[in-house]
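Here is the structure we will look at.
Note that the numbering runs from 1 along the sequence shown for the chain.
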Amino acid sequence: MSNDTPLTIAERQFTSRVFLGTSAYPNLQVMLDCVEESGTELVTLSIRRLDLEGYAESPVDLLEGYDFLPNTAGCETKRDAILTAQLARESLETNWLKLEIIGDRETLYPDVEQLLSATDELVKDGFTVLPYCNDDPVICKRLEDLGAAAVMPMGSLIGSGMGVANPANIELICRRAEVPVVIDAGLGTASDVVQSFELGCDAVLLNTAVARARNPVAMARAVRHAAEAGRAAHLAGRIPKRPHAKASSPQMGLVGS
């Protein structure tokens with residue numbers, strides 16, 4: 001959008017407000033096509049699932065030119081998350097990190113206590129931390145106070161495709177945050193992306209919604225357009241919702257009045 005400003009996180013600027021995960025695609029070529037069609041500049045990599053020794057079709061090599069956001073997906077303890085972060089920094093030469101510490105295997109909810117503690121420790125160790133968290137305005141503010149470069153509240157359960165389950169909380173988080181808000185997890189289709197931006201989110205991160213779509217490349221393209229539309233609508237400002245009708249045409253001087 002020509003009248004928009006770039007997204008800035010930790011002094012790094014992005015023209016695209018779509019971040020894309022790189023897991024669960026039918027094959028590497030589909031993943032690459034989706035990355036291109038989404039217009040993203042930042043892709044996430046799951047360090048625990050990645051062979052960092054390198055091989056012929058390593059995503060790290062194939063995605064050369066994109067910014068990497070390593071993540072700690074699958075970690076259940078602060079200790080594992082910090083070790084994974086350090087491995088990512090050494091291997092990919094980046095301090096950026098999506099911090100994810102799961103506290104429950106069924107819901108994949110974050111372990112808030114360990115998330116706060118790990119954020120504090122990693123920020124002090126020089127990492128640019130983007131923590132995945134629940135849609136709690138209090139927790140988001142505490143993560144921000146600990147030095148998180150952005151907060152990443154869940155839209156709904158990871159991989160559920162249920163969209164934004166608690167829009168009031170997401171809107172409140174966006175209104176109070178002084179760091180960018182990147183909605184993460186649960187988005188299922190393009191309309192969820194539009195809603196996220198209309199609520200005030202600065203960016204969206206998707207993986208399953210694109211990778212598991214019937215046509216992943218077409219969904220990636222739809223997500224890019226949805227992000228542009230949602231962001232434009234947010235900047236334009238929606239009309240207030242009313243419980244009653246309000247005529248759009250003047251009511252004075254009507255024929256027969």
Neighbour count above 12 (heavy atom, 6.0 Å) for Phe68 CZ:
yes
Salt bridge (Lys or Arg N to Asp or Glu O under 4.0 Å) contacts touching residues 112-133 (sequence neighbours left out):
Lys78-Glu121, Arg89-Asp125, Asp120-Lys124
Nearest atoms (heavy-atom pairs only) where Thr128 meets Ala10
CG2-CB, 3.7 Å
What is the minimum heavy-atom distance between Cys140 and Val151, and which atoms define it?
O-CG1, 3.6 Å
Flag for Asp104-Thr107: side-chain donor and acceptor within less than 3.5 Å
yes
Any non-hydrogen side-chain atom of Leu62 less than 4.5 Å from a side-chain atom of Leu32?
yes
Donor-acceptor pair, Asp202 side chain versus Val181 backbone, under 3.5 Å?
yes
Straight-line distance of Glu41 CD to Asp67 CG, nearest 0.5 Å:
7.5 Å
Nearest 0.5 angstrom please: Thr44 OG1 to Leu97 CG, how far?
11.5 Å
Would one find more than 12 heavy atoms of other residues, nucleotides or ligands at under 6.0 Å from atom CD of Glu36?
no
Under the side chain to side chain donor-acceptor pair (under 3.5 Å) rule, collect the residues that match up with Asp33, sequence neighbours excluded.
Gln29
Let me check something: do Leu115 and Met154 share a hydrophobic cluster, defined by ILVMFWY side-chain heavy atoms less than 4.5 Å apart, either directly or through other members?
no
I'd like to know whether Val164 forms a side chain to side chain contact (heavy atoms under 4.5 Å, CB included) with Ile183, so could you lay out the CA-CA distance, the side-chain angles of the two residues, the decisive distance to 0.1 Å, and finally the verdict.
CA-CA 9 Å; Val164 181; Ile183 198 163; 3.9 Å; yes
Answer yes or no: is there a donor N or O on one side and an acceptor on the other, between the side chain of Glu37 and the main chain of Val217, under 3.5 Å?
no
Any donor-acceptor pair under 3.5 Å from Thr72 side chain to Cys75 backbone
no
Heavy atoms, side chains only, cut-off 4.5 Å: are Ile173 and Arg176 in contact?
no
Would Lys98 and Val129 count as a side chain to side chain contact (heavy atoms under 4.5 Å, CB included) if you check the C-alpha gap in whole Å, the side-chain angles of each, and the deciding distance to 0.1 Å?
CA-CA 6 Å; Lys98 177 191 168 186; Val129 181; over 6 Å; no
Under a 4.0 Å N-O cut-off, is there an ion pair linking Glu228 with Arg17?
no
According to a 4.5 Å side-chain heavy-atom criterion applied to Ile, Leu, Val, Met, Phe, Trp and Tyr, with indirect links allowed, do Leu63 and Trp96 form part of one hydrophobic cluster?
no
Closer than 3.5 angstrom, by distance alone: can the side chain of Ser196 be matched with the main-chain N or O of Cys201 as a donor-acceptor pair?
no
Could you tell me whether a side-chain N or O of Asn169 sits under 3.5 Å from a main-chain N or O of Asp136, the two making a donor and an acceptor?
no
Do Ser38 side-chain atoms and Val35 backbone N/O form a donor-acceptor pair below 3.5 Å?
yes
Heavy atoms from other residues, nucleotides or ligands near CZ of Arg12 exceed 12 (cutoff 6.0 Å):
yes
Ser16 side chain vs Gly39 backbone, donor-acceptor pair below 3.5 Å:
yes
Are any side-chain N or O atoms of Ser156 and backbone N or O atoms of Gly163, one a donor and one an acceptor, separated by less than 3.5 Å?
yes
Does the side chain to side chain contact (heavy atoms under 4.5 Å, CB included) test come out yes or no for Leu146 and Leu116, once each step is laid out?
CA-CA 8 Å; Leu146 288 170; Leu116 290 167; 3.8 Å; yes
Does Met152 share a hydrophobic cluster with Met162, counting links as ILVMFWY side-chain heavy atoms below 4.5 Å and allowing steps through other members?
no
Taking only residues two or more places apart in sequence, or in another chain, which ones meet Glu178 in a side chain to side chain contact (heavy atoms under 4.5 Å, CB included)?
Lys141, Glu144
Any chance you could measure Ile170, atom CD1, to Glu198, atom CD, to the nearest 0.5 Å?
14.0 Å
Identify the two heavy atoms, one from Ala190 and one from Ala226, that lie closest to each other, and give their separation to 0.1 Å.
O-CB, 3.4 Å
Under a 3.5 Å distance rule, please check whether Ser160 uses its side chain to pair with a backbone N or O of Leu157 as donor and acceptor.
yes
Is any side-chain heavy atom of Tyr25 closer than 4.5 Å to one of Cys34?
yes
Could you measure the distance from the OG1 atom of Thr208 to the CD1 atom of Ile158? Nearest 0.5 Å is fine.
8.5 Å
Check step by step if side chain to side chain contact (heavy atoms under 4.5 Å, CB included) holds for Asp184 and Phe19.
CA-CA 9 Å; Asp184 182 16; Phe19 301 159; over 6 Å; no
CG-CD1 distance between Asp111 and Ile101, expressed to the nearest 0.5 angstrom
7.0 Å
Heavy-atom closest pair, residues Leu205 and Val182:
N-CG1, 4.0 Å
Just wondering, do Tyr66 and Leu42 contact through their side chains at under 4.5 Å, heavy atoms?
no
Do Val193 and Val18 land in one hydrophobic cluster if side-chain heavy atoms of ILVMFWY residues count as linked below 4.5 Å?
yes
Establish whether Leu187 and Leu7 are linked, either directly or via other cluster members, by ILVMFWY side-chain heavy-atom contacts under 4.5 Å.
no
Hey, could you give me the CD/OG1 distance between Gln195 and Thr189, rounded to the nearest 0.5 Å?
12.0 Å
Met219 versus Asn215: any side-chain heavy-atom pair under 4.5 Å?
no
Under the side-chain contact (heavy atoms from CB on, under 4.5 Å) test against Leu45, which residue among Leu92, Leu69, Asn71, Thr94 passes?
Leu92
What closest approach, in Å, do Asp80 and Thr84 show between heavy atoms, and which atom pair accounts for it?
O-OG1, 2.7 Å
Scanning both residues in full, the closest heavy-atom pair of Gly147 with Val123 reads O-CG2, 3.7 Å
